[in-house]
Amino acid sequence: LPLSIPNTTGANQQWGGRFAEGPSAIMQAINASVGFDRRMWRQDISGSLAHAAMLAHVGIISKDDEAAIRTGLAAIAADIESGRFQWSEALEDVHMNIEARLTDAIGEAGKRLHTARSRNDQVATDFRLWVRDAADGLAAQMADCIRAFVERAEEHAGTIMPGFTHLQPAQPTTFGHHMLAYAEMLWRDRGRMLDARARLNADCPLGAAAMCGTGFPLDRHMTAAALGFDGPARNSLDAVGSRDFAMEFLAACAICATHLSRLAEEIVLW
């Protein structure tokens, strides 16, 4: 059984086993991710609300506990939105910061929120939700940009300009034709973004727990539907261990950035 570890920093440290003390200051700084992952707070709260509702639905926690959790998370969201929330590096990440505040606010019900859940499947779910939101936002901006290129193309369908090759005037073309080239590039970029989004949205990691599931009778289809996923992840190891969806998202971003960089360089040359 894990040993009871003294809390040397006054915070809820994630340390146990044979460690007699908390981490040194430098190790705490290395391990802390709250400086950047706190941007996932909305996704973390959404995942926790879905998890709590499911736990109550299958009878793992009471309806009163779920109501307390929901009220507590709403108050935390309001504090974060207003800037009143105090983030603690000692609590390492966004997940522990929110969970610690929730427990302080509502007591034992806050501790029951983490039943049948690990930080592994929690992080994997939050990250997918964050990337999905980012993909949706970028795809919408790409669509706006495509419309702008098409509008400029219609305005300048007859505006003559030189077409360049190797920085030298080559053949005559129109500015409208030139603008539609970028509309085509961004159309492909948007398609890549939507394809990446579809793949990441296929699997909800919640319920995978640390890596091999849990003995609690969860309804994983319920949480997947509540969070807008197509369904629960089919393999728990893959659910918590793979981040290829983030790599695919970054690849789509990089290709789009290359196209936008090409336009920016042309403006410089012009």
Review point. Relative to the ring of Y182, is the ring of F149 parallel (under 30°), tilted (30 to 60°) or perpendicular (over 60°)?
Key: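 Plane angle under 30°, so parallel.
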
Heavy-atom donor-acceptor pair, [X] side chain to [Y] backbone, under 3.5 Å:
| X | Y | value |
| --- | --- | --- |
| T71 | A68 | no |
| S236 | M211 | yes |
| N120 | A209 | no |
| T103 | A100 | no |

Point to revise | Over all atoms of both residues, closest heavy-atom pair of M40 and W130 | key: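 Of all heavy-atom pairs spanning M40 and W130, the closest is CG-CD1, 3.6 Å.
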
Review point. Can you name the closest pair of heavy atoms from P162 and T173 and give their distance?
Key: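 So the two residues come closest at C-CG2, 4.2 Å.
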
Exercise for review: For the residue pair R117 and S48, confirm or rule out a side-chain donor-acceptor distance under 3.5 Å.
Suggested key: yes

Find out whether [X] and [Y] are in side-chain contact, i.e. whether some heavy atom of one side chain is under 4.5 Å from a heavy atom of the other.
| X | Y | answer |
| --- | --- | --- |
| R128 | P205 | yes |
| D65 | L113 | no |
| F245 | R199 | no |
| V34 | S88 | no |
| I60 | L218 | yes |
| I69 | L55 | no |
| M142 | R147 | no |
| E248 | L200 | no |

Is the shortest distance from a Lys or Arg side-chain nitrogen in [X] or [Y] to a carboxylate oxygen in the other one below 4.0 Å?
| X | Y | result |
| --- | --- | --- |
| R192 | D189 | yes |
| E155 | R152 | yes |
| D93 | R119 | yes |

Exercise for review: Answer with yes or no after comparing the ring centroid distance for H178 and W270 against a 6.0 Å cut-off, counting only values under it.
Suggested key: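 They qualify: ring centres under 6.0 Å apart.
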
Review point. Does atom CH2 of W87 have more than 12 heavy-atom neighbours from other groups under 6.0 Å away?
Key: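 Enclosed.
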
Point to revise | Over 12 foreign heavy atoms within 6.0 Å of CZ, R234 | key: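 Open.
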
Review point. Are I98 and L49 connected, step by step, through hydrophobic side chains (Ile, Leu, Val, Met, Phe, Trp, Tyr) whose heavy atoms are closer than 4.5 Å?
Key: yes

